[in-house]
Amino acid sequence: MKHCFATRGLQVAALLLFFFMAALPLHAEDKYEPLPGEGKKVAIGTDYSFVYKFAQKPALGISILKIEVADKDGKKDSSLKITADSGMPSMPGHHDSGEVEFKKNKEGDYVTPVDVVMPGGWAVKLVFRKDDKVLYRGIISFDI
Ligand SMILES: [Cu+2]
C-alpha cells in the first residue's frame with residue numbers, strides 16, 4: 001500500500017513537471033518581427049510607426065542605435081517606452097545586455113548604445129511599450 005502511494009506521488013510529480021515544461025515555451029517564445037532595415041518605416045499597429053538607424057555602420061565597440069517614433073498623423077512621438085536587448089544569437093547568454101531602456105535625446109528620439117564585443121552575428125531585440133503594455137516586438141540582425 002505504501003509503495004502504491006509513493007508511485008502515485010511520483011506520477012503526479014511527473015505530470016506536474018510535464019505541464020510546467022509544456023507551458024514554458026509559451027512564455028519564452030515572444031515573437032520578434034525581423035525589421036526591414038535602417039531608415040525603413042515599420043508600422044506599430046495602426047497608431048504608431050518607427051524607423052531605426054545606427055549612428056555609424058555597426059563595428060566592434062559601441063554603436064549608437066537611434067529610433068524615431070511617429071504617431072498616426074506622422075508627428076514625432078516620445079510617449080512610448082522602448083527597450084533593447086543585444087547579444088549574439090549563436091552564443092546565448094555570453095554577451096547579452098539584458099533589457100536596457102532607450103534614453104530620449106533632446107529631439108525626442110530614442111537612443112541607446114549597443115556594445116559589440118566580438119565579430120560575428122549580432123541581434124538587437126526591441127520591445128515597444130505604451131503604459132507598460134507591449135505594442136510591438138522587433139529584431140535587428142547584423143554581422144560584424
Ligand atoms: Cu560572441
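In what follows, residues are counted from 1 in the order of the sequence shown. In each ligand, atom 1 is the first atom listed, and ligand 1 is the first ligand listed.
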Met91 atom SD and Met88 atom SD as seen from the Cu ion (ligand 1), angle to 10 degrees: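 Here the angle at the metal atom is close to 110°, to 10°.
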Phe142-Phe54 aromatic ring centre distance below 6.0 Å: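 Yes, the ring of Phe142 comes within the 6.0 Å limit of the ring of Phe54, centre to centre.
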Aromatic contact, Tyr48 with Tyr136 (centres under 6.0 Å):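 No: the rings miss the under 6.0 Å criterion.
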Co-membership, hydrophobic cluster, residues Val134 and Ile139, 4.5 Å side-chain: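 Both belong to a single hydrophobic cluster.
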Same apolar cluster: Ile144 and Ile140, side chain cutoff 4.5 Å: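 The answer is yes; both residues are in one hydrophobic cluster.
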Metal check, the Cu ion (ligand 1) vs His95 N/O/S, cut-off below 2.8 Å: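 Coordinating: yes.
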Short N/O/S contact of Ser90 with the Cu ion (ligand 1) (below 2.8 Å):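 For Ser90, the answer is no, given that no N, O or S atom comes within less than 2.8 Å of the Cu ion (ligand 1).
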